Protein chains: 2
Amino acid sequence: MRIGELAEQAGTTTRTLRHYESLGLLPARRAGNGYRTYDEADLRLLQQIRTLQDFGFSLEETRPFVDCLRAGHPAGDACPASLEVYRRKLAELDEVIERLRHVRDEVGLQLTRAELELAADLPGGPPPRCAFSPPDAGHVFSPPDTDQETSTP
Amino acid sequence: MRIGELAEQAGTTTRTLRHYESLGLLPARRAGNGYRTYDEADLRLLQQIRTLQDFGFSLEETRPFVDCLRAGHPAGDACPASLEVYRRKLAELDEVIERLRHVRDEVGLQLTRAELELAADLPGGPPPRCAFSPPDAGHVFSPPDTDQETSTP
DNA sequence: GCTGGCGTTGACGTCGACGTCAACGTCTAC
DNA sequence: GTAGACGTTGACGTCGACGTCAACGCCAGC
C-alpha cells in the first residue's frame, strides 16, 4: 500500500502521514523506487492515532499507544505507559471542565446582570443602578445549575 | 503614565501593550519624545481586556467591550454588542463543556476496561480476549465512520 | 515520447498572543 | 560625559498539526 491509498483509507492526507513519519510516529518501509510502503498493521496504528486525536490527545501522547501496538500487543492501551497517559488525560479533563464550568457561571452572571442594567437604562431613567435590586430576577436567564441541554424545542 | 508603569500596574508586559496597540485595541497618545502616554482610563480598558482574557475571550472578542468603555459607558458590557459576545461565548462554553464531558466519560471507560484487561492478562493466561468481549465492546472506540480495532482480529 | 497522475524532498505559511532579540534614541543620576 | 534604566521600531521565534507550493522523479497508457 502506498501513501495515497493509506491516507484515503484512514480519511486523512499524505501530508499528515509524512508529518507523522517525520516525528518517528509512523515510519514507513520504502519500495525500490523510494516510495513509502505501508501494510494493514500501519493502518491500525494510524487509526489508533486518529482515534486518540479525536479525544484531544496530542501526537506525543499517542506515542505510547502506537509503541504498544508495534510491540505486538493486541491493543494500544494494553501497556502501562498507555494507561498512565489515560490517567493524566483524565485528570487534565477534570481540571479543564471544572475551570470551564466556573467560567461559564461567571459569564452567565455577567450577562444576566448586564442585561438587567441595559433594560433598566433604556426605557426608564439612566441611573437606577443602585436602587434597583430585584427580588427574584436572578433566574431570568440561567439557573445556578449547569444543566440545560435538550431544552424546550 | 508611561508604558512600563501601565504594564506593571496591570500585571502585564510592555510587549503586550505594544501588541494591543498594533491591533488598534489600546492606542496610546504620544509625548514629545515619542514615548507612549497612558492615563487611568487606559488602565481600566486594559483591566477589562485582561479580565475577559482570563475568561478565555480572544482579543477580538474583547474589542466590543473596549469600544463600549471608550464610548463613555460606565461598564464594558453596557452595550448590546458586548452582550452578543457574552451570549456567543456562553453557547460556545456549553458546547465545549458538553463535548469534554463526553470525552471524559469515554476516556474513563477506556481506562477502566484497559486496566481490567491488563490485570486479567498478567496473573492468569494471556488470551482471554475473545472469550471476554462484552456484547457491545466493539463500538467503544469509534468517533468517525468506519472503525474496527481492539477486537475481532 | 509524452501527458497525467502518482510519488519524492524541502521549505515556508497558518493561527493567536505574545517572547525575544537587535540596534538605536532618551532621560536621569553621578 | 557617561553609565544605565527606560523608551522606540522592526523583525524573527514559539507552540501544534499540519496546509500549500515548488521543483523534481517515477511509471502507466496512448
Side-chain angles (χ1 to χ4, degrees), chain A residues 1-39 42 45-66 85 88-89 92-93 96 103, chain B residues 1-39 42 45-66 85 88-89 92-93 96 103 143-144:
Chain A
M1 180 161 41
R2 295 188 305 184
I3 194 170
E5 195 180 343
L6 177 60
E8 194 182 4
Q9 293 220 7
T12 182
T13 69
T14 62
R15 178 68 182 90
T16 295
L17 300 188
R18 280 191 267 263
H19 181 54
Y20 291 174
E21 181 172 3
S22 81
L23 298 176
L25 201 56
L26 190 66
R29 274 116 321 211
R30 296 300 179 119
N33 52 11
Y35 285 16
R36 291 174 177 82
T37 306
Y38 303 90
D39 57 17
D42 291 315
L45 295 186
L46 184 48
Q47 285 168 338
Q48 172 77 85
I49 296 173
R50 298 258 111 193
T51 299
L52 292 175
Q53 271 218 308
D54 288 344
F55 281 172
F57 287 57
S58 74
L59 288 180
E60 278 314 310
E61 286 172 330
T62 72
R63 201 181 286 273
F65 294 80
V66 176
V85 176
R88 282 210 322 267
K89 186 55 76 173
E92 184 188 326
L93 282 167
V96 170
V103 167
Chain B
M1 183 166 28
R2 294 188 305 183
I3 192 169
E5 194 179 343
L6 177 58
E8 193 182 6
Q9 294 218 9
T12 182
T13 69
T14 62
R15 179 66 182 91
T16 295
L17 300 188
R18 281 190 268 261
H19 180 52
Y20 292 174
E21 181 171 4
S22 80
L23 299 177
L25 201 57
L26 190 66
R29 272 112 325 204
R30 296 300 179 117
N33 52 13
Y35 285 16
R36 291 173 177 83
T37 306
Y38 304 89
D39 56 17
D42 291 316
L45 295 186
L46 184 48
Q47 285 168 339
Q48 173 77 83
I49 296 173
R50 297 259 111 194
T51 299
L52 292 175
Q53 272 218 307
D54 288 344
F55 281 173
F57 287 56
S58 73
L59 288 180
E60 280 313 310
E61 286 172 330
T62 73
R63 200 181 288 272
F65 295 80
V66 177
V85 175
R88 282 210 323 266
K89 185 55 76 176
E92 183 189 327
L93 281 166
V96 169
V103 166

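Quick caveat: nothing in here was measured; it's all calculated off a predicted structure.
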Between Arg29(B) and Glu21(B), is a salt bridge (charged side-chain N to carboxylate O under 4.0 Å, His left out) present by the stated rule, with each step listed?
CA-CA 11 Å; Arg29(B) 272 112 325 204; Glu21(B) 181 171 4; over 6 Å; no
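For dT9(C), the OP1/OP2 oxygens have a side-chain nitrogen or oxygen of Arg30(A) closer than 4.0 Å. Close to dC18(C), at under 4.0 Å from its OP1 or OP2, lies a side-chain N or O of Arg50(B). Contact annotation: Arg18(B) side-chain N/O to dT8(D) OP1/OP2 distance is under 4.0 Å. Neither OP1 nor OP2 of dG7(C) sits under 4.0 Å from any side-chain N or O of Thr14(A). Distances shorter than 4.0 Å separate none of the side-chain N or O atoms of Gln53(B) from OP1 or OP2 on dG16(C). The phosphate of dA17(C) (OP1 or OP2) has no side-chain N or O of Thr16(B) nearer than 4.0 angstrom. The side chain of Tyr20(B) places an N or O atom within less than 4.0 Å of a non-bridging phosphate oxygen (OP1 or OP2) of dC18(C). Under 4.0 angstrom from either OP1 or OP2 of dT9(D) there lies at least one side-chain N or O belonging to Arg36(B). Contact between the side-chain N/O atoms of Arg15(B) and the OP1/OP2 oxygens of dT14(D) is not found at any separation under 4.0 Å. Between Asn33(A) and the phosphate of dT8(C), there is no side-chain N or O to OP1/OP2 separation shorter than 4.0 Å.
A residue-by-residue look at Leu59(B) and Tyr35(B) shows that Leu59(B) has its nearest nucleotide of DNA chain C further toward the 5' end.
To the nearest angstrom, C1' of dG16(D) lies 10 Å from CG of Leu23(A). Per the geometry, OH belonging to Tyr38(A) stands 12 Å off C1' belonging to dT8(C), to the nearest Å. Rounded to whole angstrom, the span from the CG atom of Leu46(A) across to the C1' atom of dC18(D) amounts to 14 Å. Separating the CG atom of Leu17(B) from the C1' atom of dC18(C) is a distance of 11 Å, rounded to the nearest angstrom.
Taking 3.5 Å as the limit, the base of dG7(D) and the side chain of Arg2(B) contain no donor-acceptor pair of atoms between them.
Side chain to side chain, Thr14(A) and Arg18(A) meet the donor-acceptor criterion of an N or O pair below 3.5 Å.
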